[in-house]
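Encoded as structure tokens, the structure appears first; notes follow it.
The basis for the numbers below is simple: all heavy atoms, side chains too, and nothing from hydrogens, waters or symmetry mates.
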Amino acid sequence: MALSLFPPAPVTARLAARNTPPAVATSHLPNRNPNHLLESPSSSSAPTALQCPHFQSCSGCSYEWNLDQPPVLQEVSKFFRDRGVQDFTFDSGRLWEWRCRAKLAVRGTPESPLIGLYQEGTHHIVDIPLCRAHHPNINAAVELLKQGISKLNVQPYDEDVGTGDLRYVQMAVTTYNTSLPVAERYQKGKVQLSLVWNSRNEHSENSNKLHALSNFLWRNGGPNSNMHLIHSIWANFQTSTGNIIFGNRWRHLLGERDFWEHIGGVDISLDPSSFGQANTLAFNSLLRKLQKYVPYGSSVVDLYAGAGIIGLSVSATRKCRSVKCVEINKESKVSFEKSISRLPKTIDSSISWHNTDASVEPLYWLEGSDVIVVDPPRKGLHPSLIDALCNVALSDHKSNKAPRGSILKVKDEKRPWVLRAREASVHLDSKTAWEKSQTWPETLIYISCGWESFKEDCQTLLSSKAWHLEKAHAFNLFPGTESIEVLGVFKRGPRVGQKKKKTGKTKRNK
């Protein structure tokens, strides 16, 4: 995983963004949810300006004005309008202090540590102690970590020679605290720190400094300190000379072992090695919107599932008959197991998590499902999956079954390694013995963080006449950047043309 908090932008683009005054006309833009807009505490004249002291020097944000209007928004709105979606919506979300998960490099010296992002096009670190995107407690935890580094003479990593103690830090904020009123939980979130240590394991020569630093952080930011800031402390051990942040070895050091968040209507556990969305509030809004497009009692397959947040969310809120979560990263299994244990006992659904690559024999996963949910990486869907989706939708639509002799026939697999990969790593049986369905999906829900790849995939699906685009929404998951999160809802088959309305006039008798 390369170090990149935000999608990078060219320096010239950031300079232009700084010098561009706020736009006034907004009537051409799609509907927004005004309840999510927050006014900047320091300026009433520019209520949606970034106002960050690190802008330009930091590679994180690409524009400074109109955080509620990403530069790509007009293009996105037009793209969907041209394809028949007239009610496209955009949720601008929280504009500052939205980031609840950050990976930061640690460089400099013990006397003057630098914790932040690489400068654009270089490996020079920009210190960002006052980042406006970070949850306030991430900035507070960064300051406490700097104090510990200086006090204990911890050596920041020197990547030119491969020496030093602390390479990176991951900070994740949990707002899960049922003892607080709901309105206070976000601002009082606690920080899980993962220290990426430059050693093979906890028994290396510099392990004394690791334990001293973690004890310092816990003593000054734990539950017995003046300000309870820290949720837990983990260590990750990495000695690679490349730009991969994490190694394979993790150790829990202090605090609560399990990191919980309530999102999409369910409790979700996320280990530090699992992928988690950086913008918790915006992702929760996306999940609530997504749930509306999953029919009650349907069978769902969630591809690129990660720790199963989407699948578990719809299983609980839409009373799904079955949910299959397919994920290639085996590290997510532990989080899924913990999360499934917290589901309400009233759920009557067959739920499983499979550690395999969904792009290998994708038809196997599509058969028997009513709804497909895909949340691929930035590069978009694998070609084999797109082909399978097109072939599925071009099958006999009336019967919703593959016709005899169709290329959709799932072959009788005999290879043992493929059969093992298909087996559920985690499984929760339904109380009801549902009859196995042999239908093909009618709905495709596509979540995308890569706009360019989504456009390409969307065009392929639409041009094949296999699917039509029924609904589209966008979410401001990364305010201040060029990125936008898209939720597209496709229905199987071509769009049915609207019939002309009768005028009520009668023909004259000749």
Just list the side-chain donor-acceptor pairs under 3.5 Å for residues 311-320, sequence neighbours left out, or say none.
| from | atom 1 | to | atom 2 | distance (Å) |
| --- | --- | --- | --- | --- |
| Ser313 | OG | Gly264 | O | 2.8 |
| Ser313 | OG | Gln291 | NE2 | 2.6 |
| Ser315 | OG | Leu312 | O | 2.7 |
| Thr317 | OG1 | Ser313 | O | 2.8 |
| Arg318 | NE | Gln291 | O | 2.9 |
| Arg318 | NE | Val294 | O | 2.7 |
| Arg318 | NH1 | Tyr296 | OH | 3.4 |
| Arg318 | NH2 | Val294 | O | 3.2 |

With Pro70 as reference, evaluate Asn476, Val76, Leu477 under the side-chain contact (heavy atoms from CB on, under 4.5 Å) test and give the passing residue.
Asn476
So, do [X] and [Y] have ring centers that fall under 6.0 Å from each other?
{"X": "His473", "Y": "Tyr293", "answer": "yes"}
{"X": "Phe80", "Y": "Trp451", "answer": "yes"}
{"X": "His231", "Y": "Phe259", "answer": "yes"}

Roughly how far, to the nearest 0.5 Å, is the [atom2] atom of [Y] from the [atom1] atom of [X]?
{"X": "Gln51", "Y": "Leu130", "atom1": "CD", "atom2": "CG", "result": "13.5 Å"}
{"X": "Arg321", "Y": "Ile351", "atom1": "CZ", "atom2": "CD1", "result": "13.5 Å"}
{"X": "Ile447", "Y": "Phe283", "atom1": "CD1", "atom2": "CZ", "result": "6.0 Å"}

Taking salt bridge (charged side-chain N to carboxylate O under 4.0 Å, His left out) as the cut-off, I'd like each qualifying pair that reaches into [range], sequence neighbours left out, listed once.
{"range": "residues 447-468", "value": "Glu75-Lys455, Glu452-Lys455"}
{"range": "residues 349-360", "value": "none"}
{"range": "residues 286-314", "value": "none"}

Indicate the ring-plane relationship of Tyr176 and Trp260, choosing parallel, tilted or perpendicular according to the 30° and 60° boundaries.
tilted
Does a donor on one side chain and an acceptor on the other come within less than 3.5 Å for Ser339 and Ser269?
no
CA sep, side-chain torsions, deciding dist, call: Phe475, Trp98, ring pair (Phe, Tyr, Trp, His ring centres under 6.0 Å)
CA-CA 13 Å; Phe475 300 82; Trp98 53 266; over 10 Å; no
Just to verify, what does Val334 make a side-chain contact (heavy atoms from CB on, under 4.5 Å) with, not counting sequence neighbours?
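If we apply the side-chain contact (heavy atoms from CB on, under 4.5 Å) test to Val334, skipping adjacent residues, the hits are Asp271, Lys338.
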Tell me every residue that passes salt bridge (charged side-chain N to carboxylate O under 4.0 Å, His left out) with Glu97, counting only those two or more places apart in sequence or in another chain.
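Residues passing salt bridge (charged side-chain N to carboxylate O under 4.0 Å, His left out) with Glu97: Arg94.
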